[in-house]
**Student:** 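Sharing a structure with you now.
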Amino acid sequence: MSSGVRAPGPTRPGRSLAAIVVAVLVVALLTACSAGSSTVAGSPAVGAAATDPLGFSGPTLDGATLDAATLSGTPVVLWFWAPWCTICRAEAPDVSAVAAQYQGRVRVVGIPGRGEVTAMKAFVSETGTGGFTHVEDTDGALWNRFGVVAQPAFVFVDRAGKAQTFAGSLDAAQLRTVLDRLA
């Protein structure tokens, strides 16, 4: 006597594991150039912060070395970007304009990673973001130090050295709001 309902066939563990792996990879690819939080209501989301946020140095894209310790006591914005990130490319003109507007009051430093130095230099040239320093992070050490896992991201360091991380993109108005508080 058949009720018309078929019993499920034998399961294939390899197939379900493969489906899970594919799903995880799709999610990872979709969030690799993450927009993160889309709004800034009052202050950036607090993320992982280094104990001495400005205790690093590194080569800059223009061939110099930045010793960030020289920025202690100055409000600093670290902008984490990747040369292939379309969201980073779209927000670059805003970051550049705001950096120029706050020059002398807040120091903006780009932290490019996840790419080759030649691609980083091309990004700076193409986006007009050469008005501020960019520290190469080809090994991801600074990204790891600040807990940045996707780009774009910002780390805001106040005069006292307290750091707050915001994962995602900010437009010019949102960035100005945060920099007004830092300055």
Side-chain angles (χ1 to χ4, degrees), residues 36-37 40 42-83 85 87-89 91-117 119-125 127-183:
S37 302
V40 176
S43 63
V46 176
T51 53
D52 179 13
L54 298 177
F56 69 88
S57 65
T60 64
L61 290 180
D62 62 4
T65 298
L66 175 69
D67 180 359
T70 63
L71 304 176
S72 289
T74 303
V76 177
V77 175
L78 304 175
W79 175 44
F80 291 83
W81 58 271
C85 173
I87 295 170
C88 303
R89 186 171 293 275
E91 81 178 356
D94 285 346
V95 174
S96 185
V98 172
Q101 180 183 354
Y102 286 81
Q103 189 172 9
R105 295 185 290 158
V106 177
R107 180 77 182 266
V108 176
V109 177
I111 311 289
R114 298 184 173 182
E116 298 296 321
V117 173
M120 294 173 186
K121 289 179 180 180
F123 177 96
V124 169
S125 175
T127 60
T129 53
F132 55 93
T133 302
H134 297 269
V135 177
E136 298 173 17
D137 190 28
T138 55
D139 66 357
L142 291 175
W143 287 49
N144 288 335
R145 176 187 177 101
F146 289 97
V148 174
V149 296
Q151 68 290 327
F154 294 87
V155 174
F156 302 100
V157 183
D158 66 15
R159 292 180 194 282
K162 181 180 175 191
Q164 291 185 312
T165 301
F166 176 81
S169 182
L170 295 173
D171 65 26
Q174 293 168 322
L175 194 52
R176 281 187 196 99
T177 298
V178 178
L179 269 61
D180 282 340
R181 286 193 306 251
L182 280 178

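Position 1 is the first residue of the sequence, and the numbers go up from there.
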**Student:** Angle class for the W81/F123 ring planes (parallel below 30°, perpendicular above 60°, tilted otherwise)?
**Tutor:**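 Ring orientation of W81 relative to F123: parallel.
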**Student:** Identify, with sequence neighbours excluded, every residue that meets side-chain hydrogen bond (donor to acceptor under 3.5 Å, both in side chains) alongside Q101.
**Tutor:**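 Q101: side-chain hydrogen bond (donor to acceptor under 3.5 Å, both in side chains) contacts with R176.
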**Student:** Can you see which heavy atom on A119 is nearest to which on P83, and at what distance?
**Tutor:**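 Answer, listing the atom of A119 first, then P83: O-CB, 3.6 Å.
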**Student:** Between the main-chain N or O of A183 and the side-chain N or O of R159, is there a donor-acceptor pair closer than 3.5 Å?
**Tutor:**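 Side chain of R159 to backbone of A183, a donor-acceptor pair under 3.5 Å: yes, one is there.
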**Student:** Does R107 have any salt bridge (charged side-chain N to carboxylate O under 4.0 Å, His left out) partners at least two apart in sequence or in another chain, and if so, which?
**Tutor:**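 Per chain and number, R107 pairs via salt bridge (charged side-chain N to carboxylate O under 4.0 Å, His left out) with no residue.
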**Student:** Decide yes or no on side chain to side chain contact (heavy atoms under 4.5 Å, CB included) for D94 and Q174, but give the supporting numbers first.
**Tutor:** CA-CA 10 Å; D94 285 346; Q174 293 168 322; over 6 Å; no
**Student:** Apply side chain to side chain contact (heavy atoms under 4.5 Å, CB included) to the pair L182 and Y102, showing each step before the final yes or no.
**Tutor:** CA-CA 10 Å; L182 280 178; Y102 286 81; over 6 Å; no
**Student:** Between NZ of K121 and CD of E116, what distance do you get to the nearest 0.5 Å?
**Tutor:**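 Those atoms lie 12.0 Å apart.
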**Student:** Supply the atom-to-atom distance D158 CG to Q164 CD, rounded to the nearest 0.5 angstrom.
**Tutor:**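 Answer for the CG-CD pair, D158 versus Q164, is 7.5 Å.
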**Student:** How long is the span from the CG atom in L66 to the CG atom in L54, to the nearest 0.5 Å?
**Tutor:**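 Between atom CG of L66 and atom CG of L54 there are 9.0 Å.
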**Student:** Check whether H134 reaches the backbone of T129 with its side chain - one donor and one acceptor, N or O, closer than 3.5 Å.
**Tutor:**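 A pair under 3.5 Å: yes.
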**Student:** Would you say M120 and T138 make side-chain contact, with heavy atoms under 4.5 Å?
**Tutor:**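 Sidechains of T138 and M120: in contact.
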**Student:** Just wondering, do V155 and P53 contact through their side chains at under 4.5 Å, heavy atoms?
**Tutor:**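 A side-chain contact is absent here, since even the closest heavy-atom pair is not under 4.5 Å.
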**Student:** Using modelled atom types and a 3.5 Å cut-off, is there a donor and acceptor pairing between side-chain atoms of T127 and backbone atoms of A92?
**Tutor:**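 Side chain of T127 to backbone of A92, a donor-acceptor pair under 3.5 Å: no, none is there.
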**Student:** Begin with the C-alpha distance, continue with both residues' side-chain angles, and end with the deciding distance and a verdict on side chain to side chain contact (heavy atoms under 4.5 Å, CB included) for V77 and V106.
**Tutor:** CA-CA 7 Å; V77 175; V106 177; 3.8 Å; yes
**Student:** Rounded to the nearest 0.5 Å, what separation is found between the SG atom of C85 and the CD atom of Q151?
**Tutor:**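 Rounded to the nearest 0.5 Å, the SG-CD separation comes to 4.5 Å.
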**Student:** Closest heavy-atom contact between A153 and A167?
**Tutor:**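 Answer, listing the atom of A153 first, then A167: CB-CA, 4.2 Å.
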**Student:** For F80 and W143, take the angle between the two ring planes, folded into 0 to 90°, and tell me which bin it lands in: parallel under 30, tilted 30 to 60, perpendicular over 60.
**Tutor:**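 Perpendicular.
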**Student:** Measure the spacing between OG1 of T133 and CG of D62 and express it to the nearest 0.5 Å.
**Tutor:**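 If I round to the nearest 0.5 Å, the distance is 6.5 Å.
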**Student:** Can you tell me how far CD of E136 sits from CD1 of I111, rounded to the nearest 0.5 angstrom?
**Tutor:**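 Interatomic distance, I111 CD1 to E136 CD, rounded to 0.5 Å: 11.0 Å.
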**Student:** What do the steps show when you test L78 against F56 for side chain to side chain contact (heavy atoms under 4.5 Å, CB included), and what is the final call?
**Tutor:** CA-CA 12 Å; L78 304 175; F56 69 88; 4.3 Å; yes
**Student:** With under 30° as parallel and over 60° as perpendicular, where do the rings of F156 and F154 fit, or are they tilted in between?
**Tutor:**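 Plane angle under 30°, so parallel.
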**Student:** Is any side-chain heavy atom of V109 closer than 4.5 Å to one of L71?
**Tutor:**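 In contact.
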